[in-house]
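Only one structure is covered here, and it is reproduced in the block below.
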Amino acid sequence: QVQLVESGGGLVQAGGSLRLSCAASGRALSSYSMGWFRQAPGKERVFVAGITRSGSISYYTDSVKGRFTISRDNAENMVYLQMNSLKPEDTAVYYCAADSGSGSRRENEYDYWGQGTQVTVSS
């Protein structure tokens, strides 16, 4: 009942910054907990960051803590991932996901997914 489209990916040098955006249409974004996941070539998709429906709580995988910030603007139906101090190991396709429940670090708990946006970090 919600469609998600990511944007903002691209090529950036190590140490640089990038902001990913996720635009939602259909049902109001405030109905969903939101998450960002990423998938590197040849590897499984893994959790990056999550945020509750109101934006009151956010949480992160250890490897990005202190570097990435997830945020949301429910009035504009937007979710963001601000990525600072990027490293080559951050290179992956990044996906925005919506959970009709209370949120999770596990991808199989999410109900809706965007198509992904490529982030490449050069050394």
Side-chain angles (χ1 to χ4, degrees):
Q1 293 179 309
V2 66
Q3 296 79 47
L4 306 173
V5 179
E6 303 95 334
S7 62
L11 176 64
V12 64
Q13 291 182 316
S17 297
L18 209 58
R19 189 178 78 160
L20 305 184
S21 298
C22 175
S25 61
R27 182 168 289 194
L29 190 65
S30 58
S31 298
Y32 303 94
S33 300
M34 300 297 296
W36 286 96
F37 292 75
R38 66 187 182 190
Q39 186 170 26
K43 297 185 177 181
E44 66 181 4
R45 187 158 58 189
V46 297
F47 171 82
V48 176
I51 190 165
T52 55
R53 287 184 294 273
S54 68
S56 60
I57 302 172
S58 58
Y59 47 100
Y60 305 87
T61 192
D62 286 345
S63 63
V64 309
K65 198 171 298 181
R67 299 189 297 122
F68 290 12
T69 303
I70 187 172
S71 62
R72 65 191 299 162
D73 185 342
N74 287 341
E76 299 294 331
N77 286 329
M78 296 291 293
V79 180
Y80 304 97
L81 185 67
Q82 178 66 46
M83 304 184 295
N84 298 328
S85 301
L86 283 161
K87 305 174 180 180
E89 51 262 46
D90 295 318
T91 295
V93 176
Y94 283 71
Y95 297 89
C96 178
D99 178 12
S100 59
S102 59
S104 177
R105 297 174 183 264
R106 305 179 70 171
E107 70 169 282
N108 60 8
E109 297 291 332
Y110 287 80
D111 303 298
Y112 305 99
W113 294 83
Q115 293 299 306
T117 186
Q118 176 71 48
V119 172
T120 303
V121 184
S122 61
S123 60

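Starting from 1, each residue takes its place in the sequence as its number. Only this structure's heavy atoms are used, side chains among them; waters, hydrogens and symmetry mates stay out.
- Put simply, the side chain of Arg72 never gets that close to the backbone of Ser33: no donor and acceptor are under 3.5 Å apart.
- Clustering ILVMFWY residues whenever any of their side-chain heavy atoms sit less than 4.5 angstrom apart, transitively, puts Leu29 in the very cluster that holds Tyr94.
- Taking CG of Asp73 as the start and OH of Tyr80 as the end, the distance is 5.5 Å to the nearest 0.5 Å.
- Residues passing the side-chain hydrogen bond (donor to acceptor under 3.5 Å, both in side chains) test with Asp90 are Arg38, Arg67, sequence neighbours excluded.
- The minimum heavy-atom distance between Ser104 and Asp99, with the atom names listed, is N-OD2, 4.1 Å.
- Taking the ring centre of Tyr59 as origin, the terminal cationic atom of Arg105 falls outside the region bounded by 6.0 Å and 45° from the ring axis.
- Every pair passing side chain to side chain donor-acceptor pair (under 3.5 Å) that includes a residue from residues 2-13 is listed here, sequence neighbours excluded: Gln3-Ser25.
- Closest non-hydrogen pair, Ser123 versus Ala14, comes out as CA-CB, 4.4 Å.
- Separation of atoms CD (Glu109) and OG (Ser102) is listed at 8.0 Å; rounding is to 0.5 Å.
- Linking ILVMFWY side-chain heavy atoms closer than 4.5 Å, directly or via other members, places Phe68 and Val12 in a single hydrophobic cluster.
- Once rounded to the nearest 0.5 Å, the distance linking OH of Tyr110 with SG of Cys96 reads 9.5 Å.
- For the pair Thr117/Leu20, a side-chain contact is recorded, criterion being any heavy-atom separation below 4.5 Å from C-beta on.
- By the criterion of side-chain heavy atoms lying less than 4.5 angstrom apart, applied directly or through intervening Ile, Leu, Val, Met, Phe, Trp or Tyr residues, Trp36 is not grouped with Trp113; the two fall into different hydrophobic clusters.
- Residues Arg53 and Gly101 approach most closely at NH1-O, 2.8 Å, considering heavy atoms.
- Between Tyr95 and Val93 there is a side-chain heavy-atom pair separated by less than 4.5 Å.
- Nearest heavy-atom pair across Ala92 and Ala40 is CB-N, 3.8 Å.
- Residues Asn74 and Ser30 share a closest heavy-atom pair of ND2-CB, 3.7 Å.
- Taking CZ of Phe37 as the start and CG of Leu81 as the end, the distance is 12.0 Å to the nearest 0.5 Å.
- Heavy-atom neighbours of Lys65 NZ from other residues, nucleotides or ligands within 6.0 Å: above the threshold of 12.
- Once rounded to the nearest 0.5 Å, the distance linking CG of Leu18 with CE of Met83 reads 4.5 Å.
- With sequence neighbours left out, Tyr32 forms a ring-ring contact (aromatic ring centres under 6.0 Å, His included) with Tyr112.
- In this structure, OH on Tyr60 lies 9.0 Å from CZ on Phe47, to the nearest 0.5 angstrom.
- Checked by atom type and distance alone, the side chain of Thr91 pairs as donor or acceptor with a backbone atom of Val121 at under 3.5 Å.
- Not one N or O on the side chain of Thr69 forms a donor-acceptor pair closer than 3.5 Å with the backbone of Gln82.
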